[in-house]
Amino acid sequence: MGCWATGFSFGHLRAQSRVSVFLTMILLFTYVFYCLTGCCDLTPSPLYERQTFRNKLSSEELRGNASRQGSVDGAAEEEDTKRAPSDSSNLSMANSFGSKEFPQAIIIGVKKGGTRALLEFLRVHPDVRAVGAEPHFFDRFYDKGLEWYRNLMPRTLEGQITMEKTPSYFVTREAPARVFAMSRHTKLIVVVRDPVTRAVSDYTQTLSKNPGLPSFQNLVFKNSTTGLIDTSWSAVRIGIYAKHLENWLRYFPLSRLLFVSGERLVTDPAGEMGRVQDFLGLKRVVTNKHFYFNQTKGFPCLKKPEGSSRPRCLGKSKGRAHPQIPSEVLLRLRDFYRPFNLKLYQMTGQNFGWE
């Protein structure tokens with residue numbers, strides 16, 4: 001009877017041992033499996049590493065949103081807005097990733113040269129993130145401080161560049177020193193256009209807001225008898241490009257500036273965009289396939305994006321019909337600009353063909 005009880009106890013223990021080994025093996029294999037899949041990391045990764053991982057996951061989505069956000073509606077803002085941009089905006093889920101940086105490139109001029117078109121063409125590129133409204137930081141709101149300025153910028157991921165455009169910077173005396181103080185490595189883009197045509201376009205825009213404005217010829221001359229040009233009128237002063245460029249070259253080497261032809265931006269947008277993308281160190285993504293010529297407006301528009309019902313053209317404020325200006329007035333103005341144009345060609349090494 002005692003022997004039977006002892007045998008029973010040993011058999012019972014052996015059975016328990018086999019069950020314990022089996023359970024241990026299951027737990028061991030489970031542990032190894034979870035470790036191999038990274039689920040049992042004993043030390044949590046730092047916040048910035050987790051953020052970087054999430055950034056990578058959302059990179060393609062955000063790059064796609066960047067190009068979609070570049071669409072232009074019919075009420076695109078005028079190039080010379082006087083209202084300070086707001087630094088508070090409703091960010092989408094994708095925009096919560098990345099960081100706000102100072103712009104690596106700025107379109108600094110010129111008014112009525114084609115800066116809005118250039119910015120909208122650039123925003124098609126997935127590696128460009130740009131402010132929509134003109135910040136006017138370096139000419140009007142500098143006292144608000146650099147942090148205010150940076151908060152206006154969109155969030156960017158690694159490999160993307162931040163941009164803004166404010167055409168009045170080019171003619172603002174203090175702007176070069178202020179941009180240089182932010183970063184001497186900033187790339188500067190200037191869209192230039194035949195100064196005579198630009199002056200008429202500038203006048204046309206002002207006339208649309210103030211129908212009681214004196215005639216172009218009354219404003220352009222100090223004395224209509226002598227034909228002395230009034231350089232104090234901003235529509236004339238802006239077109240003296242060489243004089244304004246001298247101010248910028250006191251702080252930035254010529255290699256930091258790119259001069260875009262406003263005329264070629266209309267006749268060959270893909271060609272000019274190729275130069276701009278090369279200057280910014282971007283892959284040539286924006287090409288001929290993105291454009292078509294709008295006969296009504298008289299300038300190129302972006303073809304409709306996939307999933308959109310219409311193409312993307314600049315608003316009604318762009319492409320206005322110019323008033324009739326007496327030819328002798330335009331000839332006198334052209335004679336006035338000629339030496340300044342030749343000096344610009346010499347300074348930049350580019351002939352814009354305005355003669």
Side-chain angles (χ1 to χ4, degrees), residues 70 72 76 79-80 103-125 127-128 130-131 134 161-172 175-176 179 186-199 201-202 238-245 247-249 252-288 290-291 293 297-302 314 318-319 337 340-341 343-355:
V72 188
E79 292 195 67
D80 197 16
Q104 293 89 43
I106 304 176
I107 301 172
I108 60 172
V110 298
K111 181 185 177 186
K112 305 311 295 178
T115 58
R116 172 56 57 187
L118 176 61
L119 184 69
E120 296 307 331
F121 294 167
L122 274 170
R123 292 173 79 179
V124 174
H125 200 296
D127 288 334
V128 172
V131 183
E134 295 170 6
I161 64 171
T162 303
M163 291 189 67
E164 70 117 316
K165 79 108 180 168
T166 304
S168 52
Y169 290 162
F170 188 61
V171 299
T172 301
V179 175
T186 307
K187 293 183 177 182
L188 309 168
I189 300 176
V190 190
V191 187
V192 288
R193 181 185 183 187
D194 182 334
V196 175
T197 311
R198 197 222 66 81
S201 181
D202 198 338
I238 290 172
I240 310 174
Y241 303 138
K243 180 180 177 181
H244 304 304
L245 178 56
N247 193 28
W248 285 90
L249 291 179
F252 292 92
L254 192 61
S255 60
R256 284 277 153 194
L257 288 98
L258 177 71
F259 293 87
V260 175
S261 166
E263 287 81 14
R264 287 197 290 271
L265 199 59
V266 172
T267 60
D268 181 21
E272 284 300 282
M273 287 304 299
R275 292 180 61 242
V276 174
Q277 289 170 98
D278 291 346
F279 175 71
L280 295 175
L282 298 170
K283 183 180 177 182
R284 287 197 176 197
V285 171
V286 185
T287 60
N288 252 325
H290 290 91
F291 301 101
F293 191 81
K297 286 184 171 290
F299 53 74
C301 296
L302 292 165
L314 298 180
K318 310 302 177 183
Y337 279 125
F340 297 109
N341 292 344
K343 187 175 181 181
L344 178 71
Y345 299 169
Q346 186 179 38
M347 293 173 75
T348 62
Q350 291 179 243
N351 186 333
F352 295 97
W354 297 326
E355 298 308 311

Distance in Å, [X] [atom1] paired with [Y] [atom2], rounded so as to fall on 0.5 Å steps:
X	Y	atom1	atom2	value
T186	I108	OG1	CD1	10.5 Å
N247	T172	CG	OG1	9.5 Å
T115	E120	OG1	CD	10.0 Å
L118	M273	CG	CE	6.0 Å

Who passes ring pair (Phe, Tyr, Trp, His ring centres under 6.0 Å) against [X], sequence neighbours left out?
X	answer
F291	F121
F340	F336
F279	none
Y169	F138

Note, [X] side chain near [Y] side chain (heavy atom, < 4.5 Å):
X	Y	value
K283	Q277	no
L280	I189	yes
V266	P300	yes
K111	D202	yes
W248	V179	yes
L344	W354	yes
F259	F352	yes
Y241	V190	no

Heavy-atom pair with the smallest gap, counting every atom of [X] and [Y]:
X	Y	result
S201	K112	OG-CE, 3.2 Å
L265	P269	O-CB, 3.4 Å
H244	I238	CD2-O, 3.5 Å

Got a sec, which residues hit side-chain contact (heavy atoms from CB on, under 4.5 Å) with [X], two or more places apart in sequence or on another chain?
X	value
T287	K289, H290
L249	L245, L254, L257, M347
Q104	E101, I161, T162

With sequence neighbours excluded, residues passing salt bridge (charged side-chain N to carboxylate O under 4.0 Å, His left out) with [X]:
X	answer
R193	none
D278	R284
E164	none
K343	E246

| field | Q350 atom CD, neighbour heavy-atom count above 12 within 6.0 Å | value |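 Atom CD in Q350 is packed in, count exceeds 12.
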| query | Under the salt bridge (Lys or Arg N to Asp or Glu O under 4.0 Å) rule, what pairs show up with a residue in residues 254-268, not counting sequence neighbours? | reply |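 Every salt bridge (Lys or Arg N to Asp or Glu O under 4.0 Å) pair that includes a residue of residues 254-268, provided the two are not neighbours, is R264-E272.
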